[in-house]
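Predicted, not measured: the structure shown is a model, and the values here were computed from it. Every chain is numbered from 1, with letters handed out A, B, ... down the list of sequences.
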Amino acid sequence: MDQTAPATIDTRPLLDWYDRNARKLPWRVGPGDRKLGVVPDPYHVWLSEIMLQQTTVAAVGPYFHAFLRRWPELADLAAAKTDDVMAAWAGLGYYSRARNLKKCAEVLAAEHGGKFPETEAGLLSLPGIGPYTAAAISAIAFDRPATVVDGNVERVVARLFAIDTPLPDAKPELKRLAATLTPSTRPGDFAQGMMDLGATICTPTRPACALCPFLGSCKAQSEDQPDRFPVKGAKTPKPTRKGAAFVCRRKDGAILLTRRPPKGLLGGMAEVPTTAWTADFDPDGALDAAPFSANWRQATGPVRHVFTHFRLELDVYAAEIGKAPAPDGHWWEPAATLDEAALPTVMRKVIAHAFEDALKPKR
DNA sequence: GACACGTGGAG
DNA sequence: TCTCCAAGTGT
């Protein structure tokens, strides 16, 4: 690897650009506000950074507001019930984030006097906080000179230096180059500026190089092929798994639910009873896995859902029954509170499909 | 280091 | 319909 090339890129234009173009985000203290003495709330910075992991700004907004409305302070979240946190997170995905969020709040309350550490090392030791988030909180909340590297920064740096190494192998080199750019003054604004730049100008496709503060010092742009970087490794195709799900509605409208194991896919979330999800699912034997015998009717067509590493097709069976005890490990979720249950999106799709097909009121 | 881990929007 | 992706972390 070429270690000799010094970073000669002037980063002052990036801060100037950020002063003029910073995105207005609910959890952000803008460059103008900071100059008036307003400092970010570390709790808000932390909550937003966890939610933003692999998740779009648009998706995070409503969840961020809902969490702060319900748990205004870190101590409130530390004292919350884990299932309430899981339910409030439902729909946002990557549910281990919610479990670690709650765990992190408890650790801070119990062992750190309810305050966040200001250093990367201190933050890195906490649940759910990895290298990116530790650097982001240290830089954004405490304005410490940490090198913040997310997907945006990787893209910007890969283009600035025209790095040919494919991701993820290029990550160490990109981090090293990013560190050479990080200024000692306003490191938090620099980090946010780099991420804003990646989100709005240095975009994955069709970057708006004419508007870029690095125009003139970007190697990829000078070679007239900015969107060739970063180079990506080959991606593997997604296999398909199949199974069946059972939506059982009691006469009063309650739905039979159970809890998934705390770890793994959709860990700790609620679900309707299902078969295992496998590549060799046998549809003819599906009813053997039903929670009890009933007049099960199959809805038309499966529910399709795409996870990170596989596609899922679930046949949906529905039944209506009178009073019946919930089997071990199951419970009847009242119709009135179904919306607030810790049901992941795939399960909401299953229940909605049953309601609009097999459980439709008969004419 | 490789893989598991969700979801919804854009092109 | 399909691919890519969005402020990554844990194991």
Closest to side chain of K235(A), choosing from dA6(C), dC4(C), dT11(C): dC4(C)
Which residues share a salt bridge (charged side-chain N to carboxylate O under 4.0 Å, His left out) with E106(A), sequence neighbours left out: K102(A)
Non-neighbouring partners of R28(A) that pass salt bridge (charged side-chain N to carboxylate O under 4.0 Å, His left out), sequence neighbours left out: D196(A)
side-chain contact (heavy atoms from CB on, under 4.5 Å) partners of P117(A), counting only residues at least two apart: L108(A), H112(A), L123(A), L126(A)
Euclidean distance for C1', dA6(C) against dC5(B) (whole angstrom): 15 Å
Residues from residues 45-52 of chain A lying under 4.0 Å of DNA chain C - heavy atoms: E49(A), L52(A)
Touch class at under 4.0 angstrom, heavy-atom based, for L25(A) against every strand present: base
L101(A) CG to dG10(C) P, straight-line distance once rounded to whole Å: 12 Å
First and last nucleotide of DNA chain B, 5' to 3', lying under 4.0 Å from heavy atoms of chain A: dA4(B) to dG8(B)
Rounded distance (Å) that lies between atom C1' of dT9(C) and atom CG of L126(A): 13 Å
side-chain contact (heavy atoms from CB on, under 4.5 Å) partners of E340(A), counting only residues at least two apart: T337(A)
Distance, P atom - from dT9(C) to dG8(B), rounded to whole angstrom: 22 Å
Geometric class of the F116(A)/W46(A) ring pair [parallel <30°, tilted 30-60°, perpendicular >60°]: tilted
Residue closer to the 5' end of DNA chain B, A58(A) versus L266(A) (nearest nucleotide): L266(A)
Residue-phosphate contact under 4.0 Å: K232(A) side-chain N/O, dC5(C) OP1/OP2: yes
D227(A) CG - dC5(C) P separation (whole Å): 12 Å
Most 5' of T345(A) and P168(A) on DNA chain B, judged by nearest nucleotide: P168(A)
Which residues share a ring-ring contact (aromatic ring centres under 6.0 Å, His included) with F292(A), sequence neighbours left out: none
For atom OH of Y132(A) and atom C1' of dG8(C), their distance in whole Å: 9 Å
Donor-acceptor pair between K238(A) and H309(A) side chains, under 3.5 angstrom: no
Donor on one side chain, acceptor on other, W331(A) and E333(A), under 3.5 Å: yes
Residues which pass ring-ring contact (aromatic ring centres under 6.0 Å, His included) with H330(A), listed by chain and number, not counting sequence neighbours: none
Counterpart residues, side-chain hydrogen bond (donor to acceptor under 3.5 Å, both in side chains), relative to T133(A) (two or more places apart): Q53(A)
Contacts of R311(A) that satisfy salt bridge (charged side-chain N to carboxylate O under 4.0 Å, His left out) - sequence neighbours left out: none
Atom-to-atom span, CD of E154(A) to P of dC4(C) - whole angstrom: 17 Å
Nearest listed nucleotide, side chain of R155(A), among dA6(C), dG10(C), dG8(C): dA6(C)
Sugar-phosphate, base or nothing in reach of R304(A), heavy atoms under 4.0 Å: nothing
DNA chain C contacts among residues 193-207 of chain A, heavy-atom distance under 4.0 Å: M195(A), P204(A)
Whole angstrom value for the distance that separates P of dT9(C) from NZ of K102(A): 22 Å
Under the salt bridge (charged side-chain N to carboxylate O under 4.0 Å, His left out) test, residues paired with K171(A) that sit two or more places apart: E154(A)
N or O in side chain of Q54(A) less than 4.0 angstrom from dG8(C) OP1/OP2: yes
